[in-house]
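Only one structure is covered here, and it is reproduced in the block below.
Quick caveat: nothing in here was measured; it's all calculated off a predicted structure.
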Amino acid sequence: HEEFYVIYLNKANRVIGHKHISAGGVSGTVADIKIILKHALECLASSIIAVHNHPSGNLKASEADIKLTRKLKDAAALIDVVVLDHLIIGDKAYYSFADSGSL
């Protein structure tokens, strides 16, 4: 099943927390931007990394993944939080929005 986590970092890019945001079925889960940013404010994070898995093993970002990443990046910027990356974890590999230039 699909799961969504966020890693919270301070100004020195050190991990100051992580949060399990949601779990879903085999085809998706809901990641609420308000909840993600609420936790960022609570721990005074300077940046975040979003991480979720694709149970199918397919590393291709879905249209929903792309839209969520854009919305999260734009919303986080309003409170001076930087989205450093959004990782999609597959069976034995991962896809990085940052590495691919999609962030």
Would Ser47 and Asn13 satisfy side-chain contact (heavy atoms from CB on, under 4.5 Å), going step by step from the backbone distance to the final call?
-> CA-CA 7 Å; Ser47 56; Asn13 285 337; 3.5 Å; yes
By ring pair (Phe, Tyr, Trp, His ring centres under 6.0 Å), Tyr5 pairs with (sequence neighbours left out) His20
Residue pairs meeting ring pair (Phe, Tyr, Trp, His ring centres under 6.0 Å), one or both in residues 54-77, sequence neighbours left out, come to His52-His54
Which atoms form the tightest heavy-atom contact between Glu2 and Pro55, and what is the distance?
-> N-CG, 3.6 Å
Between Asn10 and Ser46, is any side-chain donor less than 3.5 angstrom from a side-chain acceptor?
-> no
Are there more than 12 heavy atoms of other residues, nucleotides or ligands under 6.0 Å from atom NE2 of His39?
-> yes
Members sharing Leu44's hydrophobic cluster (side chains within less than 4.5 Å) | none
Looking at side-chain heavy atoms only, is the closest gap between Tyr94 and Asn53 below 4.5 Å?
-> no
With sequence neighbours left out, the residues meeting salt bridge (Lys or Arg N to Asp or Glu O under 4.0 Å) with Lys67 are none
Could you work out the complete set of other residues in the hydrophobic cluster of Val81, with links drawn between I, L, V, M, F, W and Y side chains under 4.5 Å apart?
-> Phe4, Val6, Tyr8, Ile16, Ile21, Ile33, Ile35, Ile36, Leu37, Leu41, Ile48, Leu59, Ile66, Leu68, Leu72, Ile79, Val83, Ile88, Tyr95, Phe97, Leu103
One should read off an interatomic distance between Leu9 CG and Arg14 CZ, to the nearest 0.5 angstrom, of 11.0 Å
Qualifying residues under salt bridge (Lys or Arg N to Asp or Glu O under 4.0 Å), relative to Glu42, sequence neighbours excluded = Lys38
